[in-house]
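Have a look at the structure below before the remarks.
Order of appearance sets the numbers: ligands from 1, and atoms from 1 within every ligand. Keep in mind that what you see is a predicted model, and the values were worked out from it rather than measured. Reckoned from all heavy atoms, side chains included, excluding hydrogens, waters and symmetry mates.
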Amino acid sequence: MNEATPPLPPPIAADAGIGPYRAGELFAADGSAVDRRIFVDEHLYRLEQERIFARCWLYLGHESELPVRGAFFTTTMGEDPVIVLRDKAEGRLRAFLNSCSHRGAKVCRVDSGVTGAFRCPYHSWTFSTEGQLVGVPRQDAVYGSTLDRSRHGLREVPKVESFSGMIFASWDPAAPSLREYLGDMAFYLELMLTRMDGGTEQIGGVHKWTIDVNWKIPSENFAGDHYHVPSTHGAGVEMGYRSQLTNHGYCIQTGNGHSIGSERGGAQQGTAVPTEYDAFMARMRAEFAARYGQDAEAFVPIGVGTLFPNFSFLDSARFRSFRVWHPRGVDKIEVHSWCIVDKSMPAELKAAVRQRYSLAFGPGGIFEQDDGDIWQSVQDALRGHIGRQGRFNYQMGLGREAPTSERYGTPFPGSCSDILMTEANQRAFYRHYAKLMQD
Ligand code: FES
Ligand SMILES: [Fe+2]
């Protein structure tokens with residue numbers, strides 16, 4: 001696996017076109033500087049919908065949200081609303097555009113449930129869980145024999161696959177397999193999600209809220225921005241909800257814009273609210289060390305990470321969360337956030353993990369509030385004519401990457417920096433972004 005891992009993503013070609021711009025106007029070739037317009041430009045935002053959100057594999061939800069045939073939930077892929085379900089016929093995972101083939105109304109208006117069919121509220125055309133048009137009120141009287149039901153099913157998302165319980169989909173019929181898209185990130189996801197027999201499950205429902213910020217700001221933050229922790233989350237550190245940050249740990253880029261990062265021992269270490277999770281983590285570390293060598297302890301927990309473009313996770317020393325930063329216009333996101341646990345954990349431990357998640361993250365979490373407030377201030381400062389001029393700086397830790405295997409041993413793929421506080425993951429994110437956005 002390591003032999004195939006390039007040490008760095010390819011540089012951004014300055015002359016490549018990105019909509020009305022040249023790539024060189026928007027990015028330094030190594031990703032160490034990024035033009036402010038990519039966070040506010042409407043034209044680029046529309047291009048992102050086409051070139052990123054209609055092509056990449058996007059996270060939809062967890063298989064545990066669809067436990068039976070007919071179970072469904074609604075979400076979006078970019079700005080396109082979709083219904084994700086387990087069909088009645090075969091129990092297959094499928095996704096459909098949540099827009100009626102008659103005149104476009106959303107055929108499903110609720111967040112989740114179990115159903116045998118979807119009846120559009122506008123004129124009551126009805127669709128099966130396989131997406132076929134199965135009911136048309138007064139069909140004979142109003143259409144005679146002219147309406148071909150077989151040509152009016154719901155538009156189906158052509159690619160839906162799951163990986164370790166995570167459901168992803170792509171609108172691109174020519175997209176590579178999900179496994180190929182994840183690349184070396186699959187190794188780290190498996191470390192995180194299959195550390196206990198039985199895999200993972202989502203508990204406590206999905207939290208949804210909005211933040212006035214461009215979707216890339218949280219995506220790049222969760223890619224591994226350890227530098228912000230002592231400052232943005234200073235109050236949480238002072239109160240003992242997390243420990244002081246050192247510069248020990250890793251930031252790893254695995255290709256295709258995906259990356260992970262963690263301080264040694266994991267985020268959210270702190271003595272303010274101890275839980276039984278400490279003992280559980282210690283056991284997991286011992287198991288990892290026995291399986292992969294002593295240095296592998298560093299990967300319990302895995303840390304934060306972003307799967308390009310807009311799925312992030314936080315696997316901390318106290319809890320874990322999955323989240324998607326859904327774009328809602330160039331300057332707004334809708335966050336969907338879940339608490340994830342190992343399925344075979346004791347029920348009391350799951351409850352403790354969920355409590356810690358809600359205290360720190362989710363819409364009422366103190367750390368989530370810190371992040372949202374700062375991110376909104378970034379977007380706010382970009383609104384004016386002057387504020388959108390110039391570039392953001394991502395030069396921290398330039399040139400310090402080397403194969404991860406050199407630091408952590410053979411099984412660990414990707415490129416890794418020798419310090420925790422680096423912007424290598426953000427550079428990898430924007431190099432991949434620029435590649436996908438090119439004409
Ligand atoms: S828009 Fe759905 S039935 Fe008319
Ligand atoms: Fe943060």
**Prompt:** Taking atom types as modelled and ignoring hydrogens, do the side chains of Arg323 and Ser321 form a donor-acceptor contact shorter than 3.5 angstrom?
**Reply:** yes

**Message:** Quick one about Asp331 and Gln379 (side-chain donor to acceptor, distance below 3.5 Å, no hydrogens or angles considered), yes or no?
**Reply:** no

**Message:** Parallel, tilted or perpendicular, judged at 30° and 60°: which one describes the rings of Phe412 and Tyr408?
**Reply:** perpendicular

**Message:** Return the NE2 to CH2 distance between His62 and Trp338, rounded to the nearest 0.5 Å.
**Reply:** 10.5 Å

**Asked** NE2 (His233) to the Fe ion (ligand 2) to NE2 (His228): angle, nearest 10 degrees?
**Response** 90°

**Request:** Examine Asp371 and say whether one of its N/O/S atoms is closer to the Fe ion (ligand 2) than 2.8 Å.
**Result:** yes

**Message:** Please give me the protein atoms (N, O or S only) lying under 2.8 Å from atom 4 (Fe) of ligand 1, ordered by chain and number.
**Reply:** His102 ND1, His123 ND1

**Request:** Examine Arg86 relative to Phe72 and say whether NZ or CZ is less than 6.0 Å from the centre of the six-membered ring and inside a 45° cone about the ring axis.
**Result:** no

**Item:** Side-chain donor-acceptor contact under 3.5 Å, Ser312 with Thr306
**Value:** yes

**Request:** Any chance you could measure Arg400, atom CZ, to Thr422, atom OG1, to the nearest 0.5 Å?
**Result:** 8.0 Å

